[in-house]
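The next block holds one structure in the form of structure tokens; read it before the comments.
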Protein chains: 2
Amino acid sequence: MSRSGTGRGRGTGRATLGEVAQAAGVSTMTASRTLSQPELVTEATRARVEQAVQALGYVPNRAARALASNRSRVIVALVPSLSNAVFTAVLDGIQDAVDASQYQLLIGITHYSDAEEEKLLRTYLQSDPDGILLPGLSHSAGVRSMLETLSVPVVAMMDLAASPDTLSVGFSQSEAGMALTRHLLAKGYRRIAFVGAQLDERTLRRADGWRQAMQEAGLFDARLEIMTPEPSTVALGAALMQRVLAGLPDCDAVFFCNDDLAHGAIFHCQRAGIPVPGRIAVAGFNDLPASSLMVPSLTTVDTPRYQVGYQAASLLLDTIAGKLPKARRIDLGFTLREREST
Amino acid sequence: MSRSGTGRGRGTGRATLGEVAQAAGVSTMTASRTLSQPELVTEATRARVEQAVQALGYVPNRAARALASNRSRVIVALVPSLSNAVFTAVLDGIQDAVDASQYQLLIGITHYSDAEEEKLLRTYLQSDPDGILLPGLSHSAGVRSMLETLSVPVVAMMDLAASPDTLSVGFSQSEAGMALTRHLLAKGYRRIAFVGAQLDERTLRRADGWRQAMQEAGLFDARLEIMTPEPSTVALGAALMQRVLAGLPDCDAVFFCNDDLAHGAIFHCQRAGIPVPGRIAVAGFNDLPASSLMVPSLTTVDTPRYQVGYQAASLLLDTIAGKLPKARRIDLGFTLREREST
DNA sequence: CTGAAAGCGCTTACAG
DNA sequence: CTGAAAGCGCTTACAG
């Protein structure tokens, strides 16, 4: 015997579309159509169905819809970290774009690990996503082959693809690195160090930009490049600044790959009584909220991360909908913020 | 005619469990069992099925599984904001707990709005969640009635429920507010202002704690309470500090409801040449990463937000699994960090 | 504009 | 330890 007198068998106990249809005196498929394509139905029918929906508190079952329609209406977004304010802004942009659609967003945190990225993607394939948002351009062979097999649209975020085969929304990390370095050169700094942490793809591209600008100026010196795989934090920035001051006494400016490192560096100098930029200039990247307010205010590069998320998600949704995008590679640019610290 | 020669009809084009079963020479249900309860199957069968899974690159279809089993294996987590580092840490904890399970996490951002919270919940009901994580204890009537109708477990995060009917994981916001205020009183400050922004539930509870401590000390003065619904940011902290200095000249200490406000306040004082704590003491809440490193370092309350997320998700998953929790109300406490700014 | 029927890809009592 | 069959709640060509 069924567990209740409603005849719902092993169901959820919630109203089904069939029950809505019955209450409205129409067939299930007419009820279905009323919800998905109301313009194909008489006004009278629509009213009766909508009333039944209200009366029964009907909530459509996504799993059934996905299974029957063979469209999951799911998109997956992978980001490296939530601790990095850059990616929370990207996610905010994605959310806002997706919220306006019928799509459901599945968020995965890769912790900057290729292996985790691959594992997450594999798990999320169970939800049969209609599209995917990924950070950056470089992925493991496993991820690349999964994406090929899948044949759903993929949009790369935060950098620009070289090939037009890849949909991408972002800005040139290397040009931004170059622009900031050139600013420092123009200010007269000569021994400009680059300090990179985490060593994700974007940091490496910024380092490329720094290297190129230094080479162009005839001032490149490999000893000025300080790289560590440790996660980028304020505390690490303080420690690395100490290391620069001790190990590179003639260094007159430091380009930190992220603002949080630069904040730590400035705090360290402040505590040690080292004038910034008098003794040494400090620049960061991303223009985090504190950067314009701290003392000295921080020279940095403002990046359009919310827009990256918003536009990447919009591009993905448009592509899923079969619209031909105006551009397959959307360059949102960046803005140099010259402040007191340089 | 079907759109391909594979006989897969309007399907996804991916291997199904039936195809795996066929390749392994067993029935579909034996294949199903091999994946879900391998201990109920001979080793030989298991090997053949697993080989077929590998060969066909089989990925289970979540929608079909959810529909057939009437268990979505979905849990929903709502948080107010991603800009607030507190909630990204909560989410990290939730993710880590959920990743170890077979559950899929759906994340929603309420932007501190009851209306958005209700809308998100309504949307996520389409996924028929097996459990829900919500920030705080107070929700709109609409949300409360949805939760009652749903009858799935709900865990409140970041504060402690008064009633044992509610599962909750967090700490007492009001006691934390009291503890910090008492620290300031013990240090000899008398005209201690409370500055609250956003005015979410947690900020209001911290204000309650401040008020109670001030009343106990016979020092309460309503003019010392400065509340604004604006979002909490570093820039707002600088502006509010300016307002305190101008409007409350005898104020000797300020308790900001969040560290980012306190950071802005310290930056403002630094820029204006106002000694902290010499002229005025500054305290925050949450112990954000920069707080221990800035100059002066910030007195604040360290909150176990990652653990809140992790334990809340664990409690939810245990409850879904039918395990009786040891406690329905998990108090993770807080830690006062006495530093230079007071 | 509306409907009967098949089917999406799984799982689940129930037998054997 | 393994299987036949029904069913989860929808959508979709195809008719009329």
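These numbers come from the heavy atoms of this one structure, side chains and all, not from hydrogens, waters or symmetry mates.
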Should the side chain of B:Arg33 and the base of D:dG3 be counted as holding a donor-acceptor pair, with the cut-off at 3.5 Å? yes
The side chain of [X] lies closest to which of these nucleotides: [options]?
X       : options               : value
B:Ser32 : D:dG9, C:dT12, D:dT12 : C:dT12
B:Leu17 : C:dC10, D:dC10, C:dT2 : C:dC10
B:Ala64 : D:dC10, C:dT11, C:dG9 : C:dG9
A:Val41 : D:dT11, C:dT2, C:dG9  : C:dT2
A:Val26 : D:dC8, C:dG3, C:dC8   : C:dG3

Taking 4.0 Å as the cut-off, does a side-chain nitrogen or oxygen of B:Thr28 come that near to OP1 or OP2 on C:dT11? no
With respect to the phosphate group of C:dT2, does any side-chain polar atom (N or O) of A:Thr42 fall under 4.0 Å of OP1 or OP2? yes
Are the side chain of B:Glu19 and the backbone N or O of B:Thr16 linked by a donor-acceptor pair below 3.5 Å? yes
Between A:Tyr103 and A:Gly131, is there a donor-acceptor pair closer than 3.5 Å when you use the side chain of the first and the backbone of the second? no
Rounding to a whole Å, what distance do you find between [X]:[atom1] and [N]:[atom2]?
X        : N      : atom1 : atom2 : result
A:Arg73  : D:dG9  : CZ    : P     : 21 Å
B:Arg65  : C:dC8  : CZ    : P     : 19 Å
B:Glu43  : D:dT2  : CD    : C1'   : 17 Å
A:Gln126 : C:dC10 : CD    : P     : 10 Å
B:Arg46  : D:dT2  : CZ    : C1'   : 15 Å
B:Glu39  : D:dC1  : CD    : P     : 10 Å
B:Asn70  : C:dC10 : CG    : P     : 17 Å
B:Gln37  : C:dT12 : CD    : C1'   : 10 Å

Which sits closer to the 5' end of DNA chain C, B:Met29 or A:Ser27, going by the nucleotide each is nearest to? A:Ser27
The Watson-Crick or G-U wobble partner of C:dA13, with both key distances under 3.5 Å, is none
For a quick check of understanding: with a heavy-atom distance under 4.0 Å over all strands, which category does B:Ser36 fall into, base, sugar-phosphate or nothing? nothing
Would you kindly say whether B:Glu117 and B:Ser140 are connected by a side-chain donor-acceptor distance under 3.5 Å? no
Judged by modelled atom types alone, do B:Ser113 and B:Thr110 share a side-chain donor-acceptor pair under 3.5 Å? no
Between B:Arg122 and B:Glu118, is there a side-chain N and carboxylate O pair less than 4.0 Å apart? yes
